Structures are given as structure tokens and as C-alpha cells.
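Okay, so here's the structure we're looking at.
Only a predicted model underlies this, so the values are computations on that prediction, with no experimental measurement involved.
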Amino acid sequence: MSRFRAFAVAAGCAAAALTMTTTGAHAAPGDTLNVCSSQLTPTGWVDVQWWNDLSCGSTFNPNKKQIKQLTGLPIGTTLTVCASTYQPAGWVQLSSFYNSSCRYSAVPSLNNNAWQIKRVS
């Protein structure tokens, strides 16, 4: 890999990390953000959708996800979220089901991959 290309990749990763940190810190309850699947979903956020996007590399597996900020949502809020992240603290699972928007693997499956959750505290 040439020095220029290595620098460009490193700069791009740093910019993405800075954007994620900055955006997450100033996000309002319920805000969404699209990120590459290689980025961990931060605490207080959940995955709500997965798809393929060439901007995140070439792969058969879905490699881009939409995440939603949960911190600050009112008690009683009900959401459908992907089961690709842990259930957040203060939320309970109401149901589990298959959702085509939450398909985060290239292997076809109709197994439950989503939850309906409700904020209780």
C-alpha cells in the first residue's frame, strides 16, 4: 500500500471516528445515524436497519447500519429494533420476530432477528 493511500485510509478512519463521537454526543433522543457495520453501536443507541453500501467496502454481508439514539426518550416509548445489539438498560422486550430490515447476515434465515422493546425506566 502506498504511503499516500495509507494516509488517506487513516485520515478517513479518523474523520469517521470523530464524526461518530461528535454526532453521538450532540444527538437528540430518537435521532438516527448511518454508519458502517465495522463501527460499534455506542451505549444508548440501537441498530434499527441493515443494508449493503459500497462506501463501507465490498462484501456479501450487509455492511451499513442505521442506529437510533435512545437516551432521553420518554418512559412508555415502544420501538422496533434489530437484535444485533444488546437490549438497552431500562427497556424490556415485548416480542421477538423476523424483520427483513434487520437482516445482518448474508445467510438467508427467517429466524427472529428483531425485537419490539418498551422503555420502563
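Annotation for Cys82 and Val48: closest pair SG-C, 3.5 Å, computed over non-hydrogen atoms. For the pair Gln93 and Ile117, the tightest heavy-atom approach, listed with the atom from each and the gap, is CA-CG2, 4.2 Å. Across all non-hydrogen atoms, the minimal contact from Trp115 to Gln87 is CZ3-CG, 3.1 Å. The minimum heavy-atom distance linking Ser37 with Pro62 is given by the pair OG-O, 4.1 Å. Heavy-atom minimum distance, Arg119 versus Ser121: NE-O, 2.7 Å. Across all their heavy atoms, Lys65 and Trp51 have their closest contact at C-CZ3, 3.9 Å.
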Leu79 and Leu73: CA distance, side-chain angles, deciding distance, side-chain contact (heavy atoms from CB on, under 4.5 Å) verdict: CA-CA 10 Å; Leu79 297 171; Leu73 289 175; 3.9 Å; yes
side-chain contact (heavy atoms from CB on, under 4.5 Å) assessment of Thr85 paired with Ile67: CA-CA 10 Å; Thr85 54; Ile67 59 176; over 6 Å; no
Worked verdict on Asp31 versus Leu33 for side-chain contact (heavy atoms from CB on, under 4.5 Å): CA-CA 7 Å; Asp31 277 358; Leu33 183 63; over 6 Å; no
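Taking hydrophobic clusters as Ile, Leu, Val, Met, Phe, Trp and Tyr residues chained together by side-chain heavy-atom distances below 4.5 Å, Trp45 does not share a cluster with Trp50. Under the 4.5 Å side-chain heavy-atom criterion for grouping Ile, Leu, Val, Met, Phe, Trp and Tyr, Val107 is not connected to Leu110 through any hydrophobic cluster.
Here CD of Gln49 is found 12.0 Å from OG1 of Thr80. Values are rounded to the nearest 0.5 Å. In this structure, the separation between CG on Leu94 and NZ on Lys118 is 6.5 Å, given to the nearest 0.5 Å.
Judged by distance alone, with hydrogens and angles left aside, the side-chain atoms of Asn61 form a donor-acceptor pair with the main-chain N or O of Ala106 at under 3.5 Å. A donor-acceptor pair under 3.5 Å is formed between the side chain of Asn113 and the backbone N or O of Asn99.
The shortest side-chain heavy-atom distance between Val81 and Trp91 does not fall under the 4.5 Å cut-off.
The closest side-chain donor-acceptor pair between Thr41 and Asp47 falls under 3.5 angstrom.
Counting heavy atoms of neighbouring residues, nucleotides and ligands inside a 6.0 Å radius, atom CD1 of Ile75 exceeds 12 of them.
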